[in-house]
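To start, the structure itself, in C-alpha cells.
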Amino acid sequence: YVEHRIVEAMELVRFIQRTARGHAILLGDLNLTPDSIEYEIVTKFGGLTDLWKGDETFFTFNLPENPFYISNDPALRIDYVMIPNGNKFEVIDKGYIFQETEDKSIWFSDHSGLQVRLKLSKCPSDQISRFLPDSNTDMLLAA
C-alpha cells in the first residue's frame, strides 16, 4: 500500500511540474501525514510549502469535538493547503472552516475544513491581470 501511495505522490508532482509552471496551489484531503515519505515527495519535488508546517497542534481529522471522533485513534493532520515556494503569496489569514452547523452535534464531515486568504505578492503586473482584477485582490480558498 505504501508503494502505491509513493507512486501517487510522484504522479502528482509530475502533473504539477508539467502544468503549473510554478503557480500551483494544492489543497484538500491528501490522506498523508507530515512525517510520511509521500509528504516529503510532494513538498520537496513539487516545490510546495505547507502552510501549517511545523504546527504540531493543528489537526484536521479525528478531533474530539467532532461527532465522528474515534476515541482509540489519534488526531491527525491529513488535509492541506500548499502554495509555491518563493513567497509569491502573502498569507493574510488561515484557519478552520465548516466545523459545525447551528446544531453543535452535527459537522459537515469527519474532517475539519481549512480556509486560507492569500494575496499575490511577487508577480509581474501583466501576469496578475490574467488571473485577478487588480494586484490588491486577495483570494479566499477553502478545502
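One is the number of the first residue; the rest follow in order along the sequence.
- Hydrophobic cluster membership of Tyr69, counting Ile, Leu, Val, Met, Phe, Trp and Tyr whose side-chain heavy atoms lie under 4.5 Å apart directly or via other members: none, as it forms a cluster of its own.
- In this structure, OG on Ser112 lies 8.0 Å from CG on Asp79, to the nearest 0.5 angstrom.
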N/O donor to acceptor pairs below 3.5 angstrom from side-chain atoms of residues 30-38, sequence neighbours left out:
| unit_1 | atom_1 | unit_2 | atom_2 | d |
| --- | --- | --- | --- | --- |
| Thr33 | OG1 | Asp35 | OD1 | 2.5 |
| Ser36 | OG | Thr33 | O | 2.8 |
| Ser36 | OG | Glu38 | OE1 | 3.0 |
| Ser36 | OG | Tyr39 | N | 3.2 |

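- Of all heavy-atom pairs spanning Pro84 and Ala24, the tightest one is CD-O, 3.0 Å.
- Considering only heavy atoms from C-beta on, Leu12 stays 4.5 Å or farther from Phe45 through its side chain.
- We find the CZ-CD1 distance between Arg5 and Ile41 to be 10.5 Å, quoted to the nearest 0.5 Å.
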| task | Determine, step by step, whether Ile25 and Phe89 satisfy the side-chain contact (heavy atoms from CB on, under 4.5 Å) criterion, reporting the C-alpha distance in whole Å, the side-chain angles of both residues, the deciding distance to 0.1 Å, and the verdict. | result | CA-CA 10 Å; Ile25 298 174; Phe89 293 96; 3.8 Å; yes

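- Residues Leu76 and Tyr80 do not share a hydrophobic cluster, clusters being chains of Ile/Leu/Val/Met/Phe/Trp/Tyr side chains in contact below 4.5 Å.
- Hydrophobic clustering of Ile, Leu, Val, Met, Phe, Trp and Tyr side chains at less than 4.5 Å, counting indirect connections, unites Leu27 with Leu118.
- Atom CZ of Arg77 and atom CD of Glu56 lie 8.0 Å apart (nearest 0.5 Å).
- Side-chain contact between Phe61 and Asp29: absent, with no pair of heavy atoms (C-beta onward) separated by less than 4.5 Å.
- Side-chain atoms of Thr43 and Thr49, non-hydrogen and from C-beta on, never get closer than 4.5 Å to each other.
- With sequence neighbours excluded, the residues forming a side-chain contact (heavy atoms from CB on, under 4.5 Å) with Lys44 are Glu40, listed by chain and number.
- Summarising the geometry of Ala9 relative to Val42, their closest heavy-atom pair is CB-CG2, 4.0 Å, with the distance given to 0.1 Å.
- By the rule that hydrophobic residues join a cluster once side-chain heavy atoms approach within less than 4.5 Å of another member, Val91 and Leu114 end up as members of one cluster.
- Phe59 is not connected to Ile70 by any chain of hydrophobic side-chain contacts under 4.5 Å among Ile, Leu, Val, Met, Phe, Trp and Tyr, and they are in different clusters.
- In the hydrophobic clustering of this structure, Ile78 does not group with Val116; members are Ile, Leu, Val, Met, Phe, Trp, Tyr whose side-chain heavy atoms approach within less than 4.5 Å, directly or through other members.
- Separation of atoms CD1 (Ile16) and CE (Met82) is listed at 8.5 Å; rounding is to 0.5 Å.
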